[in-house]
Amino acid sequence: MTENRNQVRIFDTTMRDGEQSPGASMNLEEKLRIAEALEGMGVHIIEAGFPIASNGDFEAVNEVAKIIGESIVCGLARAGRKDVERAAAALEPARQKRIHTFIATSPLHMRVKLQMQPDEVHGAVIDSVSRARNYTDDVEWSCEDGTRSDHDFLCRCVESAIKAGATTVNIPDTVGYALPGEYAALIRMLMDRVPNIDKAVVSVHCHNDLGLAVANSLAAVQAGARQVECTINGLGERAGNAAMEEIVMAMRTRHDLLDFESGIRSEKIMRASRLVSQITGFVVQPNKAIVGANAFAHEAGIHQDGVLKDAQTYEIMTPESVGLKKSTLVMGKHSGRHAFREKLRELGYGDFGDNALHEAFTRFKDLADQKKEIFDEDIIALVDDEIGRASARIGFVSLAINCGSDGPQQATLKLAVDGEEMSATANGNGPVDATFNAIKDIFPHEAELQLYQVHAVTEGTDAQAEVTVRLKEDGRMVNGQGAHIDTLVASARAYVHALNKLLVKRQKTAPAALTA
C-alpha cells in the first residue's frame with residue numbers, strides 16, 4: 001500500500017509500550033517533550049498512549065494530538081466499544097490520527113486470557129475495525145501474540161481486518177519468542193496466503209525477551225513488512241522492545257543489504273535517547289549499541305592506532321551521524337548568553353523563553369566557575385534538570401551537610417514550598433538519608449523510596465552527578481532527576497523533583513479497567 005516500496009515507516013511506541021516498563025511512567029509535560037523530539041526526528045507514527053487506561057493517558061494523547069502537526073498521532077484500543085470510542089475522543093484534535101485496535105489470536109491467550117472461542121475473536125476483529133473506521137480512515141489492527149497463533153486462523157483474521165477497513169495490520173512477537181528466520185517466514189506466509197494483503201501495510205512489533213527484537217524486525221522488513229514498531233533505547237516491559245536507533249542505523253549503515261529508507265533524521269538520535277533516559281531514570285548501559293557511552297570509545301591500543309589513522313578501521317558509522325560532537329571543550333566561564341543560546345539550539349532544545357534561559361545560563365556560569373572543562377553532556381544534564389521546575393510547588397534552595405567517619409551525619413536543608421521558604425535539620429544513616437529525612441520534615445509525606453541511582457555525567461573528579469530517585473505512593477510510581485556538581489545537592493533536587501510529580505499524580509484518578 002505504500003507508494004514507495006523501499007520506505008519503512010517508523011512507528012514509535014515509547015510513550016505507550018515503553019511506559020509500561022515498571023517505574024518508567026511519564027507525566028504530561030514529559031510526554032509532550034518526547035513527542036516533540038520524535039516529530040523532530042521525522043517519526044511517521046507516534047503512539048501517544050492507551051486512552052482508556054487512565055485519565056492521565058487520555059489527557060496525554062489528547063494534548064499530544066494538539067501539538068503534533070507532521071507525524072500521525074496514534075491511540076491504542078482493545079476490541080471493546082468503549083475502548084475505541086475513548087481513543088477516538090482523545091485523538092479528536094489531531095491533524096492526522098490513527099486508532100490502533102488489538103485482540104489476542106493465539107490459542108493460549110484466547111483460552112486463558114480472553115476466555116473466548118476463535119469465532120468470537122474473529123467477530124470482535126471485524127467489529128472493532130469497523131467501529132474505528134467510523135472515526136478515522138487510518139486504522140491499525142494487531143493480533144496480540146501473533147507468532148504463537150494458528151496460521152489458518154491468523155490468515156482469516158488478517159484478511160477480515162483488512163476487509164473491514166484496516167489500513168495497517170501488525171503481527172507482533174508479543175513475548176519475544178520467535179527467531180529471525182521463523183519470523184520472516186511468518187510474514188512471507190501472510191504475504192502469500194492473504195488475498196487482500198496488498199491493501200494494507202504490514203507492520204511488526206517485536207519484544208526482546210531473547211535479545212532478538214531488532215534482528216526479527218529487520219528480517220521481517222526483508223520479507224515484506226513496511227512498518228516497524230519500536231522505542232527509543234529499546235524501552236519496554238520485561239526485556240524491552242526493538243530499539244529504534246538500532247533499526248534506523250542498521251538500515252542506514254548496511255544499505256547494501258537493506259535497501260530501505262526510514263526517513264529518520266539520525267543526527268537527532270542521541271538527543272532523543274538522552275531525553276528518554278533522563279525522564280524515565282533508565283540509564284543507558286555503556287555498551288549499548290548506537291547510544292551507549294562506549295559506542296564510539298576506543299581503549300585498546302590497536303584500536304586507538306587504527307582510529308587515529310582512519311576512523312573507519314573500527315567505526316562503521318560516524319559519531320556525527322547519531323548526533324554526537326567530536327569537540328569536547330566548547331563552552332566555558334567566558335561564554336556569553338548568546339553563545340549559550342546557540343549551544344542549546346545545537347543540542348536540540350529549540351528556543352528557550354527568557355526566564356528559562358536566564359535560570360539555565362545562571363547555573364551554567366556557576367558550573368563553569370567550578371569545573372575545568374564544560375562538555376556538551378554537562379550542559380544537557382544541567383538544562384534537563386532545569387526544565388519543568390518553574391511551576392513546581394516545591395523548590396530546592398540550599399543544602400549544608402555535616403558528615404564523616406565520626407558522625408553524626410546531618411543535613412540542614414532549605415526549600416521553597418508554595419513560595420514560602422522553610423528549613424529543617426535532620427540526622428540520618430549517611431548524608432543522603434539525612435537529606436531525605438530533612439525533606440520529609442519540611443514536607444511530610446508517606447511516599448516510599450524505591451530507587452536511588454547516581455551516575456557521573458562526564459569523567460573526572462569534578463564531573464556533575466546525575467541522580468535518579470523513584471518514589472511510590474498508593475500504587476503511583478514516579479521518577480525524579482537532579483544534576484549538580486555536588487552529589488548531595490543533585491540528590492536533594494532529584495527527590496524534590498519526584499515529590500512534585502507525585503503531587504500532580506495525586507490529582508488524577510484512573511477509571512475502572514474494562515474487559516475487551
Supply the atom-to-atom distance [X] [atom1] to [Y] [atom2], rounded to the nearest 0.5 angstrom.
| X | Y | atom1 | atom2 | value |
| --- | --- | --- | --- | --- |
| Ile99 | Glu140 | CD1 | CD | 12.0 Å |
| Leu190 | Cys155 | CG | SG | 5.0 Å |
| Ile290 | Thr253 | CD1 | OG1 | 6.5 Å |
| Ile279 | Glu30 | CD1 | CD | 5.0 Å |
| Ile171 | Met189 | CD1 | CE | 8.5 Å |
| Arg111 | Gln117 | CZ | CD | 10.5 Å |

Side chains of [X] and [Y], heavy atoms from C-beta outward: is any pair under 4.5 Å?
| X | Y | answer |
| --- | --- | --- |
| Asp83 | Phe50 | yes |
| Val478 | Asn27 | no |
| Cys230 | Asn241 | no |
| His207 | Val175 | no |
| Met110 | Ser149 | no |
| Ile72 | Phe11 | no |
| Val248 | Met41 | no |
| Arg226 | Val221 | yes |

Donor-acceptor under 3.5 Å ([X] side chain, [Y] main chain):
| X | Y | result |
| --- | --- | --- |
| Ser128 | Val125 | yes |
| Glu39 | Ser71 | yes |
| Arg16 | Gly75 | no |
| Thr101 | Arg78 | yes |
| Asp17 | Gly236 | no |
| Asp209 | Ala239 | no |
| Ser266 | Ser321 | yes |
| Lys268 | Ala37 | no |
| Asp173 | Ala178 | yes |
| Thr280 | Val276 | yes |

[X] atom [atom1], neighbour heavy-atom count above 12 within 6.0 Å:
| X | atom1 | value |
| --- | --- | --- |
| Lys163 | NZ | no |
| Lys472 | NZ | no |
| Glu182 | CD | yes |
| Gln285 | CD | yes |

Closest approach of [X] and [Y], non-hydrogen atoms and distance?
| X | Y | answer |
| --- | --- | --- |
| Gly146 | Thr105 | CA-OG1, 4.3 Å |
| Ala250 | Leu218 | CB-CD1, 3.7 Å |
| Pro180 | Leu212 | CD-CD1, 4.1 Å |
| Pro172 | Ser142 | CG-CB, 4.3 Å |
| Ala60 | Lys31 | CB-CD, 3.6 Å |
| Met191 | Val202 | CE-CG2, 3.9 Å |

Test item: side-chain donor near acceptor, [X] and [Y], under 3.5 Å:
| X | Y | answer |
| --- | --- | --- |
| Ser491 | Tyr452 | yes |
| Thr468 | Asn479 | no |
| Asp145 | Thr174 | no |
| Glu466 | Gln464 | no |
| Asp12 | Thr14 | yes |
| Gln227 | Ser203 | yes |

Pair Asp152 + Arg193: basic N to acidic O under 4.0 Å: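 Salt bridge between Asp152 and Arg193, a charged N being under 4.0 Å from a carboxylate O: yes.
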salt_bridge(Arg252, Glu245) N-O dist < 4.0 Å: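 No, this pair does not count.
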Pairs touching residues 106-125 that satisfy ring pair (Phe, Tyr, Trp, His ring centres under 6.0 Å), sequence neighbours left out: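 Of all non-adjacent pairs touching residues 106-125, none passes ring pair (Phe, Tyr, Trp, His ring centres under 6.0 Å).
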Test side-chain contact (heavy atoms from CB on, under 4.5 Å) applied to Gln278 and Arg33, step by step: CA-CA 12 Å; Gln278 186 265 338; Arg33 289 169 62 195; 3.9 Å; yes
Chi angles and distances behind the side-chain contact (heavy atoms from CB on, under 4.5 Å) call for Trp141, Val158: CA-CA 8 Å; Trp141 175 74; Val158 169; 3.9 Å; yes
Chi angles and distances behind the side-chain contact (heavy atoms from CB on, under 4.5 Å) call for Arg9, Ile45: CA-CA 8 Å; Arg9 298 178 180 179; Ile45 304 102; 4.2 Å; yes
Evaluation steps, side-chain contact (heavy atoms from CB on, under 4.5 Å), between Asn216 and Val204: CA-CA 9 Å; Asn216 283 336; Val204 291; over 6 Å; no
